[in-house]
Amino acid sequence: MVMATHLGPKSEHGPLAGVDRELAVMFDRHASFVWRVLQLLGVPRSDVDDALQEVFLIVLRKLPEYEERGGAKAWLFTIARQVASHARRATQRRLRRERGDELAPGAPEDPHSALERSEATRFVEAFLSKLDERQATVFHLAEVEGMSAPEIADCLGVGVNTVYGRLRLAREQFERALQRQRGQELRWNR
């Protein structure tokens, strides 16, 4: 893994003063964690270094506004999750172009199924955006990525019991959100 610890012009004065130092410290402390997360989130090995650089370019942009609420690892994981999602979609598009099938592979999906899947995706994304960042991270890794609690604990550098606690709280909130959603659908269908 070859990465530059300086990703922008030096800022001796002004609003970005000190950002280079903070970025270098954050990179030194967390680059290997982000690299592992990107791999765990399905970024092809050949693209992980580029995705890692993209994560830290985003960090460079957002560092002046960063407030440590859920910890640096949780913040970096959130950014890495977004970068990994974009990287996976880009890889899928590239593979489809290379195969010559611009449309999704396989048989065409019926519109009703496509709509249901799209609505479910929006529901989960909206739920995660409202959830505490630490709980959202654990919920995503467990429920979306299928990681075990020990894997999540290792990935985030927290105890397994912490993972179980955050996951339990997130699942309870998810269940309540589902119940509210079902209640809205019942009222809508009357």
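Worth saying up front: this structure is predicted, and the values here are computed from it rather than measured. Starting from 1, each residue takes its place in the sequence as its number.
- In the hydrophobic clustering of ILVMFWY residues, with side-chain heavy atoms under 4.5 Å counting as a link, Y164 and V138 come out apart.
- Expressed to the nearest 0.5 Å, how far CZ of R171 lies from CG of L178 amounts to 13.0 Å.
- The CZ atom of R182 sits 7.0 Å away from atom CD of Q179, with the distance rounded to the nearest 0.5 Å.
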message: What verdict does the side-chain contact (heavy atoms from CB on, under 4.5 Å) test give for E54 and I79, after you've listed the backbone C-alpha separation in whole Å, the side-chain angles of each residue and the deciding distance to 0.1 Å?
response: CA-CA 9 Å; E54 187 174 343; I79 294 169; over 6 Å; no
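- Between V160 and P150, the closest heavy-atom pair is CG2-CA, 4.1 Å.
- Counting heavy atoms from C-beta on, the side chains of Q82 and I58 never come closer than 4.5 Å.
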message: Applying side-chain contact (heavy atoms from CB on, under 4.5 Å) to F174 and L131, what does each step give before you reach the verdict?
response: CA-CA 9 Å; F174 187 72; L131 202 58; over 6 Å; no
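- A distance-only check finds no donor-acceptor pair linking the side chain of S85 to the backbone of R81 [under 3.5 Å].
- Every side chain to side chain donor-acceptor pair (under 3.5 Å) that H140 has, sequence neighbours left out, goes to E145.
- Separating the CD atom in Q173 from the CZ atom in R168 is a distance of 10.5 Å, to the nearest 0.5 Å.
- Of the inter-residue distances, the one linking H30 atom NE2 with F77 atom CZ reads 15.0 Å to the nearest 0.5 angstrom.
- Remark: L76 CG to L38 CG distance equals 10.0 Å, nearest 0.5 Å.
- In terms of heavy-atom proximity, A80 sits nearest to V55 at CA-CG2, 3.8 Å.
- Here the shortest heavy-atom pairing between A51 and V43 reads CB-CG1, 4.1 Å.
- D49 has its side chain within reach of W35: a pair of non-hydrogen atoms, C-beta onward, lies under 4.5 Å apart.
- Side-chain contact check for M26 versus L63: some heavy-atom pair is nearer than 4.5 Å.
- Under a cut-off of 6.0 angstrom, the local environment of CZ in R36 is crowded, with over 12 non-hydrogen atoms contributed by other residues, nucleotides or ligands.
- A distance of 12.0 Å separates CG of L169 from CZ of F139, quoted to the nearest 0.5 Å.
- When all heavy atoms of W75 and E133 are compared, the pair lying nearest together is CA-OE2, 3.0 Å.
- Side-chain atoms of F27 and V34, non-hydrogen and from C-beta on, never get closer than 4.5 Å to each other.
- Using cut-offs of 30° and 60° on the angle between ring planes, the pair F123 and F127 is parallel.
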message: Using the rule given for side-chain contact (heavy atoms from CB on, under 4.5 Å), can you reason through R166 versus I152, listing the C-alpha separation, both sets of side-chain angles and the distance that settles it, and then say yes or no?
response: CA-CA 11 Å; R166 291 176 185 173; I152 296 168; over 6 Å; no
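- With Q135 contributing its side chain and D132 its backbone, the two residues share no donor-acceptor pair below 3.5 Å.
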